[in-house]
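What follows is a short report on a single structure.
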Amino acid sequence: MQAIILAAGMGRRLGDHTRDNTKCMVKVNGVRLIDRMLGQLSGLGLSRVVVVTGYKGDKLKAHIDATYSGKTAVEYVDNPVYDRTNNIYSLWLAKDKLCEDDTLLIESDLIFSDRMLPMAVGDSHPNLALVAKYESWMDGTMVRIDNERNIVNFVPKKAFRFEDTAHYYKTVNIYKFSREFSTNKYAPFLDAYCKALGNNEYYEQVLRVITLLDNSDLKALPVGKEKWYEIDDVQDLDIAETIFAEDEEMLRRYNFRYGGHWRFPKMTDFCYLVNPYFPTEQMKAEMKANFDTLLTEYPSGMYVNSLLAGKCFGVRRQHIVAGNGAAELIKSLMEQAVGKTGVVYPTFEEYPNRLDKAAIVAFTPQNVDLSYTASDLMEFFADKDISRLLLINPDNPTGNFIPANDVKELCRWCAGRGIMLIADESFVDFSDDFERNTLLSDDILEANPNLVVIKSISKSYGVPGLRLGVLASADEALIDRIKKDVSIWNINSFAEFYMQIYNKYQTAYKEACHKFTIERARFRKRLQEVGWLRVLPSQANYFCCEITSRFTSHELSKRLLSQFNIMIKDCDSKTGLRGRNFIRISVRGTADNDRLVEALLSL
């Protein structure tokens, strides 16, 4: 068996990375693609490797010859018109060599796990294409397969339909062809196709013709969860470097992204703090039905969006402002701070990060459950000079919760001392008896003009991609200042439409929250099966857990990501929890939650 590597392309979309080299000379985590690929091929006992060169071909040949001379038999085919042809012509130039032996055909811009080539070689079928179930990042040729792994159709870009993606597999661009198949079927069709339709095509088009006209005997070999990526541009390179990073580097790369994890669909994200049961399919269908209009029309300004936010939460327009996520409102509010702010640690650090350290008066509960009450806060801050008190309720990451009546008492205590109480209730709808725990009402706001309530719509409403949050207060001067501080079009049309239709789905939302509390209780019992985890009580959609033995929080985070593709929050970066071996685990759907527990038990 031999291998043919197609490496003639220019890789323009990689910019500076391919200014002086072809794509397969690009380094991923310090290793060139061609070096990784030739290293993987070297263990297969191949008779030779044929590399089709083109753009910067001399540099590629010089590198291969200097690195692999005497180790791997490498031959070259040159494509002199690489800038005017596509990979069908590169393969046509190598068609005589293709017919001389069984062949692994590989495109040079790929990175893939060490197991994938042995999978292809070891499969009993002589002719096959490695394929992967369609995911949103994939582009290029798709196939449809039957229950016996026969490829029944190649789907080119022009025929691609998003409605059919549930049935699509993406070609990994690794093929195995028998000498007989190449000689009697593929090469003759390749020759005829090039003569009839030209050289600026893709070689998969020939396979498409063969599957349409003949029983091609071409099987699909799904790669399952094996890692691979096709590197066409700088974004692809960044993702590939994350997926194929070593344990420590992989964890670092995921953490500094601060989201966008949908680009890694095989990774299960237990840092992700949302409601797994909302929005409903019906609500999502209504959003989709209006997609074209929302995409192509401007959103409304602050007046309308304040009206909509007030409608959603039963608050007057003058008392509420909608933000591009709660983060925008937190920034505006905290940067207007005067005097010192009381902060409970550990906490959601977006708030204190907006303050000078000298302006923070910190309270850290001194008990094993990291719990505290309104009375604890009043006692601690009684002799402290603060103008604001921050309360995340339930708190993040501990899940500590203070009942609404106690928060109202705390608010009155603050009012008597001229203190503004900032109550972030982004997670309050996950609490037991949640319908009575919110402070978002005109009656409560007007009775407590020193109260500011912030709520992220991402969390309990399950729509973090909309970037939507609200801030409410009866202090209309404060509300006006914040409205002037943020952009007039700070809310996009999708977020605006979500607020417009939300009230129709309020009953479904309450059902989702009740369903969530049941799953949280079940999940806690399952987590308690792990003997080296101490699970703190929580009224939020996550559990703060102490690792009592076996691992540090960093080691466990690293092991779960590298071995199981599961991401959790290492709380060692949190003020008040450094060196204390705490992690935070979100509550997802039942299947995901059980998968995490089984992974923990297996460790």
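Because the structure is a prediction, the values reported are computed rather than measured.
- The closest side-chain donor-acceptor pair between Thr18 and Asn21, if any, does not fall under 3.5 angstrom.
- Defined by atom type and a distance below 3.5 Å, a donor-acceptor pair is missing between the side-chain atoms of Thr242 and Asp238.
- Between His63 and Asp35, the side chains place a donor N or O and an acceptor N or O closer than 3.5 Å (distance only, hydrogens not considered).
- Asn127 and Tyr175 form no side-chain donor-acceptor contact under 3.5 Å, judged by distance and modelled atom types alone.
- No side-chain donor-acceptor contact under 3.5 Å links Asp432 and Thr517.
- For the residue pair Asp570/Ser553, the side-chain donor-acceptor check at 3.5 Å is satisfied.
- Not counting sequence neighbours, the partners of Val121 by the side chain to side chain contact (heavy atoms under 4.5 Å, CB included) test are Met1, Leu44, Leu104.
- Of all the heavy atoms in Ala120 and Leu130, the pair that sits closest is CB-CD1, 3.6 Å.
- For Phe564, the ring-ring contact (aromatic ring centres under 6.0 Å, His included) test picks out no residue, with sequence neighbours left out.
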How far apart are the C-alpha atoms of Tyr509 and Tyr461, what are their side-chain angles, what is the distance that settles it, and do they pass the ring pair (Phe, Tyr, Trp, His ring centres under 6.0 Å) test?
CA-CA 8 Å; Tyr509 175 67; Tyr461 295 87; 4.3 Å; yes
Audit row: Phe380, Tyr372, ring pair (Phe, Tyr, Trp, His ring centres under 6.0 Å) steps and yes/no
CA-CA 11 Å; Phe380 179 83; Tyr372 57 91; over 10 Å; no
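- Aromatic rings of Tyr169 and Tyr134 (six-membered ring for Trp) have centroids beyond the 6.0 Å cut-off, not under it.
- At a cut-off of 3.5 Å, with distance as the only test, a side-chain donor of Lys459 or Ser456 sits close to an acceptor on the other residue.
- Applying the side chain to side chain contact (heavy atoms under 4.5 Å, CB included) test to Asn29 and every residue at least two apart in sequence or in another chain returns Glu241, Phe244, Ala245, Arg253.
- When all heavy atoms of Glu425 and Asn437 are compared, the pair lying nearest together is OE1-O, 4.3 Å.
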Tyr542 vs Phe270, ring pair (Phe, Tyr, Trp, His ring centres under 6.0 Å): CA-CA, chis, key distance, verdict:
CA-CA 9 Å; Tyr542 43 82; Phe270 277 87; over 10 Å; no
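- Side-chain contact check for Thr398 and Asn400: no donor-acceptor pair (N or O, by modelled atom type) lies under 3.5 Å.
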Could you go through the salt bridge (Lys or Arg N to Asp or Glu O under 4.0 Å) check for Arg578 and Asp572 one step at a time?
CA-CA 4 Å; Arg578 293 191 180 100; Asp572 195 59; over 6 Å; no
Quick one, Arg584 with Asn396, criterion side chain to side chain donor-acceptor pair (under 3.5 Å). Give me CA distance, side-chain angles, the key distance, then yes/no.
CA-CA 9 Å; Arg584 189 192 66 203; Asn396 179 5; 3.0 Å; yes
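- Every side chain to side chain contact (heavy atoms under 4.5 Å, CB included) that Arg550 has, sequence neighbours left out, goes to Trp532.
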Check the pair Trp137 / Tyr229 against ring pair (Phe, Tyr, Trp, His ring centres under 6.0 Å), numbers first and verdict last.
CA-CA 10 Å; Trp137 63 268; Tyr229 219 81; 4.0 Å; yes
I'd like to know whether Thr268 forms a side chain to side chain contact (heavy atoms under 4.5 Å, CB included) with Asn565, so could you lay out the CA-CA distance, the side-chain angles of the two residues, the decisive distance to 0.1 Å, and finally the verdict.
CA-CA 6 Å; Thr268 306; Asn565 228 347; over 6 Å; no
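- With sequence neighbours excluded, the residues that form a side chain to side chain contact (heavy atoms under 4.5 Å, CB included) with His514 are Phe434, Glu435.
- In this view, Phe516 and Phe430 satisfy the ring-ring contact (aromatic ring centres under 6.0 Å, His included) rule, not counting sequence neighbours.
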